[in-house]
Each structure stands twice: as C-alpha cells, then as structure tokens.
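Numbers here simply count residues along the sequence, with the first being 1.
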Amino acid sequence: MLSQVFIKKGKKAVKLSHLIHEKALICNLKATTKLDAIEEIAKLFSDDHHQVAEIIAAAHARESLGPTLLPKTQVAIPHGRDSRMQDFYVGVGISQQGINDESPLGGTEKIHLVFLIVAHPMKNELVLRVMAALATHLKNHPNWVGELLKAQSKEELRTMFSQVQTPPKISLLQIIEKPLLTLTPEHNLQEAVALMVQHNVFYVPVVNEQGEFLGEITDRDILL
C-alpha cells in the first residue's frame, strides 16, 4: 500500500488524494448520522467483514470520547487508532443533505464532509499530518466544502483532494501560542478539543487556580 511505502521513505509531503482508499470515496452518502457514515465508508475498505468491523470499532471508540466535528467548517474527521490495523485507512464521504452532529462548541452543526482515518498507533504522526493539512486548507479556503459538494464524480473529487498536501513535518510554530492558552483540571475533553480547534494549536498546558503548571494535553492524547 502507498501509505506503507510513504512511512518507510520518510516524512515527505504527500497529496491527500494518494492516501484516500481507491474505493472508499463516496459522492453522496446515504447515512443520516455520523456513526452510520463511518460504517458506510468503512465497508468500502475491504471485503473482509472482520477487518471492517475492527475499523468501525476503532472509529466508534474515539467518537465515544467526544465530537470530532471541526466547528464552523461542515467537516468531521472521525478517526481511530488500533494495534490490529495492518494499514493506514483513509476514506471520504460527501453528504449532500448534511448530517446533524454535536459540536465541541455546543449545540449541533451540519456535516457535509466526513473524512475517516483509522491506523495503527505507530502511524500516529501521519494521522496528525493529515488532520493538520485538512485544518490548514479549510482555514485558507473557506469555500472548499461548497466546491466539493458540486463535484459530479469520484474523479473530480479526487482531483480536488490532490490540491491538499500533508506538511512534511509539524513545526514549532504550529504548536506554540502567544499569549499562552491554558486549561484547568475542571475543563472536560470537549472543551479542550474546542480550544485547540479554535486556536489551531496541538498542545495546551493544564494549570491550577494559581497558574501553576500541572501537566499538559496534546492532540496525541485526544487521538488515543
């Protein structure tokens, strides 16, 4: 698989279109919930029902921890990490009608793009680079999802995803933030996710009422 070759060759930039599974690209999802969308996409990865069930279970386990919708983007990135995975699974589904889902910021929002990623824990860095590429592209091209909805074929969708490349590495500029953002032990996981998404950061210190450093939470922790 290309993802395995990519890992071995090093941390070069790669087009998202090269990572998306050949068959797991849906122009018009039938699903009316995000969990159903995950299953609809996952079933296209393999004819092995046991393998598909493991992929679905890994994604559902992460969903149980909190929303994977990126607020105000119409995009959800359900993902999972499981040591039973033999490959890097990436699938995409476009929902023309939109799927209502819980937002990390509270309330509900409509999802039009479901980007499913499931991988072995050893491939976590590639997962993060894919998510970073999507977040950056959405920030720089706010009308991109609307353009995806107009695509008439899988080939057209794949061409549009070829315009997005994973960063060859995650730089410190993507991690540091001034003024310093912090969380307290009283904050929950959803609030941590919302803060990271809102400020496009991958790390937030946890402090007590006196501002003393207690620990940290990173996107790696959230991916677990």
Checklist entry - Do any N or O atoms from the side chain of His187 and from the backbone of Thr184 form a donor-acceptor pair under 3.5 angstrom? => result yes
Checklist entry - Heavy atoms, side chains only, cut-off 4.5 Å: are Leu134 and Trp144 in contact? => result yes
Checklist outcome for this item: For Ile99 and Leu29, the nearest pair of non-hydrogen atoms, with its separation, is CD1-CD1, 4.5 Å
Checklist entry - Looking at CG of Asn188 and CG of Leu183, how far apart are the two atoms once the value is rounded to the nearest 0.5 Å? => result 9.5 Å
Item to check | Which atom of Val90 lies closest to which atom of Leu19, heavy atoms considered | outcome: CB-O, 3.5 Å
Next on the checklist: According to salt bridge (charged side-chain N to carboxylate O under 4.0 Å, His left out), does anything in residues 153-164 pair up with another residue at least two apart or in another chain? List the pairs.
Outcome noted: none
Checklist entry - So, does Gln74 use its side chain to make a donor-acceptor pair with the main chain of Lys72 at under 3.5 Å? => result no
Checklist entry - Any side-chain heavy atom of Glu102 sitting closer than 4.5 Å to one from Leu69? => result no
Checklist entry - Between atom OG1 of Thr73 and atom NZ of Lys139, what is the distance when rounded to the nearest 0.5 Å? => result 13.5 Å
Item to check | Closest non-hydrogen atom pair, Val145 against His112 | outcome: CG1-CB, 3.8 Å
Checklist entry - Are Val204 and Val207 co-members of a hydrophobic cluster defined by side-chain heavy atoms under 4.5 Å apart? => result no
Checklist entry - So does Gln96 have more than 12 non-hydrogen atoms from other groups sitting under 6.0 Å from CD? => result yes
Checklist outcome for this item: So the salt bridge (charged side-chain N to carboxylate O under 4.0 Å, His left out) pairs with at least one residue in residues 25-50 (sequence neighbours excluded) are Lys34-Glu63, Lys34-Asp101
Checklist entry - Roughly how far, to the nearest 0.5 Å, is CG of Leu128 from OG1 of Thr166? => result 11.5 Å
Checklist entry - Just how far is it from atom CD of Glu186 to atom CD of Glu191, taken to the nearest 0.5 Å? => result 10.0 Å
Next on the checklist: Do Cys27 and Leu157 have side chains that approach each other closer than 4.5 Å (heavy atoms only, starting at C-beta)?
Outcome noted: yes
Checklist entry - Taking the six-membered ring for Trp, are Phe115 and Phe161 parallel (under 30°), tilted (30 to 60°) or perpendicular (over 60°)? => result tilted
Checklist outcome for this item: Shortest non-hydrogen pair, Ser46 vs Val52, comes out as O-CG2, 3.5 Å
Item to check | Straight-line distance of Asn28 CG to Ile94 CD1, nearest 0.5 Å | outcome: 9.5 Å
Checklist entry - Are the side chain of Ser64 and the backbone of Ala61 linked by a donor-acceptor contact shorter than 3.5 Å? => result yes
Checklist entry - So do the side chains of Val130 and Ile77 get within less than 4.5 Å of each other, counting heavy atoms only? => result no
Checklist entry - With side chains defined as the heavy atoms from C-beta onward, is the minimum distance between Val14 and Gln165 less than 4.5 Å? => result no
Next on the checklist: Is any side-chain heavy atom of Thr68 closer than 4.5 Å to one of His79?
Outcome noted: yes
Checklist entry - Once you round to the nearest 0.5 Å, how far does CG of Leu70 lie from CD of Glu109? => result 9.5 Å
Item to check | Minimum heavy-atom distance between Phe88 and Lys123, given as atom pair plus value | outcome: N-NZ, 3.9 Å
Checklist entry - Does the side chain of Phe45 reach to within under 4.5 Å of the side chain of Val118, using non-hydrogen atoms? => result no
Checklist entry - Does the side chain of Pro78 come within less than 4.5 Å of Val114's, by heavy atoms? => result yes
Item to check | Shortest non-hydrogen contact between Pro185 and Leu214, atoms and distance | outcome: CG-CD1, 3.6 Å
